[in-house]
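What you see is a predicted model, and the numbers here were worked out from it, not measured in a lab. Hydrogens, waters and symmetry mates play no part in the numbers below; they use all other heavy atoms, side chains included.
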Amino acid sequence: MAAAAAAGLWWTRTVSGEGDERVVELRGHETGEHGPGTVLASARLDLSPLVIGRANLAGTRVHSLLVNRGQVAPRIWWVESPETGAEPPAMTLIAFATADLPASRVIEQPRFRSMRVESSSQVGALRWWPAAGQIHQIYVAPEQRRQGIGTSLLFAAAAYSRLRDWPLLWGSGQRTDLGEVFVTRAHTVISGRVEARTHDLPPMTPTERAVGLPRRLIEPD
């Protein structure tokens, strides 16, 4: 999928710890009470969050992203991959569901390269341009589709952006056929932040990854 959508969540913010160890926690909600991106300075314990993100107080290091939806999402851990030399600079969140790290943990690329985890074992990834908030690509491994991972990627990236105080995520009108199906059937917090389709992009699924998989995982139905 490409250029899909972004999560229009509102947030509650709490701070815990002392000194340099202080941690900011954001809980993402969608109840219609507040506009997308709104951050309240107190927790709402009466609401079950769609996503919980934690970072250092300065917002320069995201520690964890926990998405509370679907069967796979609660097991996901993340690799952040900044592209500071790209034009424009980009960020990618890569999702893994292996037992190599605790669920929700966010690690940097140097740590990931020291681990014995193949990049091919990722369940999905989302790439966006932080300066504008525009999503460039969303990709879910073919065998992992139809499990809500694409939506989980969006929720996690939305939390990451809020923790870093970056612009809200949004999606342009350029997308694949699968991306169009994803947008039209998406959660309301996603479909509300995407432009109408303007350009058709080719499928992102490598031919070799599609062999032997059900058509419903490869083509729109």
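Applying the side-chain hydrogen bond (donor to acceptor under 3.5 Å, both in side chains) test to Arg197 and every residue at least two apart in sequence or in another chain returns Asp177, Asp200. Evaluation of the side-chain hydrogen bond (donor to acceptor under 3.5 Å, both in side chains) rule for Arg164 yields Tyr160 as partners, not counting sequence neighbours.
The distance from atom CD1 of Ile94 to atom CZ of Phe96, rounded to the nearest 0.5 Å, is 5.5 Å. Between the CG atom in Leu153 and the CZ atom in Arg127 there is a gap of 15.0 Å [rounded to 0.5 Å]. Taking OG1 from Thr31 and CG from Asp46, the interatomic distance works out to 9.0 Å, rounded to the nearest 0.5 Å. Rounding to the nearest 0.5 Å gives a distance of 7.5 Å between CD of Gln134 and CD of Gln174. Summarising the geometry, atom CZ belonging to Arg27 is positioned 8.5 Å from atom OG belonging to Ser48; distances are rounded to the nearest 0.5 Å. With rounding to the nearest 0.5 Å, the separation of CH2 in Trp78 from OG in Ser64 is 11.5 Å.
Counting heavy atoms from C-beta on, the side chains of Phe112 and Ser119 come closer than 4.5 Å. Leu101 has its side chain within reach of Arg111: a pair of non-hydrogen atoms, C-beta onward, lies under 4.5 Å apart. Using a 4.5 Å heavy-atom cutoff, the side chains of Leu40 and Arg13 are not in contact. With a 4.5 Å cut-off on side-chain heavy atoms, His29 and Leu50 do not count as touching. At least one side-chain heavy atom of Leu168 sits less than 4.5 Å from a side-chain heavy atom of Pro36. Looking at Thr12 and Leu26, their side chains never come closer than 4.5 Å, going by heavy atoms from C-beta outward.
Between Arg145 and Val140, the shortest heavy-atom contact is NE-O, 2.9 Å. Across every non-hydrogen atom of Ser121 and Thr98, the tightest pair is OG-CG2, 4.3 Å. Scanning both residues, Thr92 and Ala125, for their nearest heavy atoms gives CG2-CB, 4.1 Å. Heavy-atom minimum distance, Arg162 versus Gly37: NH1-O, 3.3 Å. Across all their heavy atoms, Trp166 and Met91 have their closest contact at CH2-CE, 3.9 Å. Smallest separation of non-hydrogen atoms from Trp11 and Ala159: CH2-CA, 3.4 Å.
Side-chain N or O atoms of Asn68 include one that pairs as donor or acceptor with a backbone N or O of Pro49 at under 3.5 Å. At distances below 3.5 Å, not a single donor-acceptor pair connects side-chain atoms of Arg61 with backbone N or O atoms of Ala58. Between the Glu21 side chain and the Glu18 main chain, no donor and acceptor come within less than 3.5 Å of each other.
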Item checked: side chain to side chain contact (heavy atoms under 4.5 Å, CB included) assessment of Leu65 paired with Leu93 -> CA-CA 11 Å; Leu65 298 165; Leu93 269 183; 3.8 Å; yes
Next item on the list: Applying side chain to side chain contact (heavy atoms under 4.5 Å, CB included), run through Leu57 and Val15 and close with a yes or a no.
Entry: CA-CA 8 Å; Leu57 188 60; Val15 179; 4.1 Å; yes
Notebook entry, point to check: Please walk me through it: do Asn56 and Val23 pass side chain to side chain contact (heavy atoms under 4.5 Å, CB included)?
Noted result: CA-CA 5 Å; Asn56 64 347; Val23 173; over 6 Å; no
Check: Run the side chain to side chain contact (heavy atoms under 4.5 Å, CB included) check on Arg44 and Glu33 step by step: do they pass?
Finding: CA-CA 12 Å; Arg44 284 285 302 273; Glu33 297 176 55; 3.0 Å; yes
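With 3.5 Å as the limit, one finds a donor-acceptor pair spanning the side chains of Ser81 and Gln109.
Ring planes of Trp10 and His34: perpendicular class, angle over 60° (limits at 30 and 60°).
Between Arg113 and Glu108 there is no salt bridge, since no side-chain nitrogen of the basic residue lies less than 4.0 Å from a carboxylate oxygen of the acidic one.
One hydrophobic cluster holds both Val62 and Leu9 under the rule that ILVMFWY side chains link at heavy-atom gaps under 4.5 Å. Hydrophobic clustering of Ile, Leu, Val, Met, Phe, Trp and Tyr side chains at less than 4.5 Å, counting indirect connections, keeps Val24 apart from Leu66. If you chain together hydrophobic residues whose side chains sit under 4.5 Å apart, Val79 and Ile135 never meet in one group. The hydrophobic cluster containing Val67 also contains Ile149, counting ILVMFWY residues as joined when their side-chain heavy atoms lie under 4.5 angstrom apart, directly or transitively. Transitive grouping of hydrophobic side chains (ILVMFWY, heavy atoms separated by less than 4.5 Å) keeps Trp129 and Trp170 in distinct clusters.
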